[in-house]
2 protein chains.
Amino acid sequence: MAATIKDVAAAAGVGIATVSRVFSGAGAVSAATRERVLAAARDLDYRPSAVGRSLKTRRTGGLGLAVPDVTDPFCAELVAGVLDCARTLGQHVLLDATRGDPAREAEIADRFAEQRVDGVIALPSGTGDPWAGFVRTGVPLVYVGRPPSARSGRRRSGTGGAASGALSGAASGAASGAVPGEVPAVLADDAAGIRSAAEYLVGLGHRRIGFLGAPAPGAPPDAREDAFRAALAALGVPVEEDLVARARPTRDSAYAAAAGLLQRRSDLTAVLASGNLSGEAAVLVARELDLRVPADLSIAMVDDVAWAELCDPPLTAVARPGRDIGYRACELAARDTGRRAPSGPVLLPTDLIVRGSCAPIPSRRERARH
Amino acid sequence: MAATIKDVAAAAGVGIATVSRVFSGAGAVSAATRERVLAAARDLDYRPSAVGRSLKTRRTGGLGLAVPDVTDPFCAELVAGVLDCARTLGQHVLLDATRGDPAREAEIADRFAEQRVDGVIALPSGTGDPWAGFVRTGVPLVYVGRPPSARSGRRRSGTGGAASGALSGAASGAASGAVPGEVPAVLADDAAGIRSAAEYLVGLGHRRIGFLGAPAPGAPPDAREDAFRAALAALGVPVEEDLVARARPTRDSAYAAAAGLLQRRSDLTAVLASGNLSGEAAVLVARELDLRVPADLSIAMVDDVAWAELCDPPLTAVARPGRDIGYRACELAARDTGRRAPSGPVLLPTDLIVRGSCAPIPSRRERARH
DNA sequence: GTGAAAGCGCTAACAT
DNA sequence: ATGTTAGCGCTTTCAC
């Protein structure tokens, strides 16, 4: 259907090599011939086929990008950042959503591998590491958003599986798990972000501060939770165990966790939500419980999403530079295969945006609950 | 670097065709050989190259998706829908952001064409139509989110341009602009959505209702604005010209438009925002102007984003099924090249979500403005 | 400056 | 059931 280089060559009365030269810019072509080729191409509506070229050059010009959920504001910003950068680099991007599901993550990784993307950017779900395979292949891999989980589950998925997908996790026997340290990562400095929020809250006089976390219940406490405990400890504020609530990354789960926390600890004077879903939940639950913000309860959250400012009162939030993270990660993922990546993870600063949702420790008068 | 089909064939002591059969599922292979092949493949960490296969089969398994801004909640939902569907279809998706810029749109279309995507889904910016080229090529094209603009700008971009990009808009001379009607589209029934909101507002007694539109100032009124006028007219409510404000799709522009409208028409009792950016602006400006919602001003908006519920009061909104739109569009874009698409655009229903931001027409007592 | 030819990794006849 | 062969559209020596 579509015209090929041969058609153009024939139409222009030249060899295919000449047509190639005209379009790839390489080599020298006389102005006259170039014009004839261009004209012929125009007539035929010719566009060089990337797949033909890729086969020869071994570069597809594509970058693989996998995030848990494109609908999440942080992820969306990140994607936008990658897109921005990719554009300047002349790369395109294959996007997919992992939903935080390791199985899906593995499928996506496989797909990216098959498609021979030039680089991969992944926001890993934290269980196992379907992405590590790329470092063996020499495909630049960059983690974003969160550090590659230190304690990777190292599950071998169905060694005796069916024909399709039989290769997932293949060859992971001997040369398995690449040293985590050698995979570059671009992250927000979450610990610092959490710390700034904690310090702010403690500075307002709060002592009983709840934490709404994101990882699956039962999972090892994630980095944010650790950071929260560390920050409070450093400030001399004891962290009681039931002050932290964990939820899966869904609205329902976040709501349940928030409701649970706020009800079992009615003495809380503040909560720190570790993500926008938790933040939403906190606001909603507080409203449901007739807690006035910030008079009865101060709320701060990680992720400065658009609605933070629209809330009443506007929500104090820790802004993570999602766009920058995506942009920087893309630069690394698109780097020449030879070049070495930065040794440690790139930590981008967060920013505490103080709005109206936190107040000095409240008088404990009437806290109507239910 | 990566193992090829030949390596595997050699390692397994079989012909390359056999390896191909094992991996493509086609043809019959004895269990014994299959195992040997699989084992060899595993050892070599072999993954069939999509680029080799695509060259032969003339299908890349990729779909092109272009939206103005992945960061916009509606677009994000749409993207998520496409991703969902593509996954079930075994396709991957190339995503890019147009920013509503026709030039960028054209570049993206070119890229998709070069990459030989199997189908294209585009949320067109409305000026010109860089996408029409695909119908000539026989690549399934589907518009989403808004109807392809009837009055296409038909600009020919730099006919005598440099070598690179010289073919943008090429061959558009004779067989140009495909009949718009033959390009399938999946859209929200915006007109009905606007109408439902307008009827709701009028039903509450409102007569002076402002409209916050999205298209560039000076551009022909877009479908939503038309729908707004039509809806009010049908209800016997006159639409004064300066009741509608137009803005570019940016926060600043939306804010300026909202501020302008609310200030010049302090007699407004309600506003209908045509998108989430306008809605944000309306809320912010109302707050700035010390207008109580809904006592002094009722607000309704198109797009039921997450924050609508978090607002105080929660915002009444017209929900558009972004996810479904994406899903349906993907089905159409991935259809076999032969099959005919639906004749008319697919119109998906909207849903008026009544919350607390609209009230019966207010007493006109004290409306403190600046 | 330009053309001929070899091959990139794969699939699909066609043989066997 | 399996191997051989001919391309798919392109880039790239290597001649001329």
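Below, chain A is the first sequence line, B the second, and so on; all start at residue 1. Predicted model only: the values in this text are computed from it and were never measured.
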Could you tell me whether [X] contacts a base, only the sugar-phosphate backbone, or nothing, with contacts defined as non-hydrogen atoms closer than 4.0 Å?
X: B:Gly13; answer: sugar-phosphate
X: A:Gly52; answer: base
X: B:Ser20; answer: base
X: B:Val14; answer: sugar-phosphate

* Is the number of heavy atoms from other residues, nucleotides or ligands under 6.0 Å of B:Arg36 CZ greater than 12? ->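 Atom CZ in B:Arg36 is crowded, with more than 12 foreign heavy atoms closer than 6.0 Å.
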Nucleotide nearest [X] when distance is taken to its side chain, options [options]:
X: B:Thr18; options: C:dC10, D:dT2, D:dC10; result: D:dT2
X: B:Ala17; options: C:dA6, D:dT4, C:dC10; result: D:dT4
X: B:Ala28; options: C:dT2, D:dA1, C:dC8; result: D:dA1

* Asked: When you measure from the side chain of A:Thr60 to the backbone N and O of A:Arg116, does any donor-acceptor pair fall under 3.5 Å?
  ->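 Yes; at least one donor-acceptor contact below 3.5 Å.
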Starting at [atom1] of [X] and ending at [atom2] of [N], how long is that distance when rounded to a whole Å?
X: A:Lys6; N: D:dT11; atom1: NZ; atom2: P; answer: 14 Å
X: B:Arg59; N: C:dC10; atom1: CZ; atom2: C1'; answer: 17 Å
X: B:Ile16; N: C:dG7; atom1: CD1; atom2: P; answer: 14 Å
X: B:Glu114; N: D:dG9; atom1: CD; atom2: C1'; answer: 12 Å
X: B:Ile5; N: C:dT11; atom1: CD1; atom2: C1'; answer: 8 Å
X: B:Arg34; N: D:dT2; atom1: CZ; atom2: P; answer: 10 Å
X: B:Arg53; N: D:dG9; atom1: CZ; atom2: P; answer: 17 Å

* Only one of B:Leu95, B:Asp118, B:Val142 forms a side chain to side chain contact (heavy atoms under 4.5 Å, CB included) with B:Leu63, so which one is it? -> B:Asp118
* Pick one: which of B:Leu65, B:Val67, B:Leu141 meets side chain to side chain contact (heavy atoms under 4.5 Å, CB included) with B:Ile121? ->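 The option that passes is B:Leu65.
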* With side chains defined as the heavy atoms from C-beta onward, is the minimum distance between A:Val120 and A:Val139 less than 4.5 Å? ->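 Result yes, sub-4.5 Å side-chain heavy-atom pair found.
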* Counting only side-chain N and O atoms of B:Thr33, is one of them less than 4.0 Å from OP1 or OP2 of D:dT2? -> yes
* Asked: If each of B:Lys56 and B:Ser30 is mapped to the nucleotide of DNA chain D with the nearest heavy atom, which maps nearer the 5' terminus, i.e. the 5' end?
  ->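 The residue closer to the strand's 5' end, by nearest nucleotide, is B:Ser30.
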* **Pair of N/O donor and acceptor under 3.5 Å linking D:dG3 base with B:Arg21 side chain** =>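 Such a pair exists between side chain and base.
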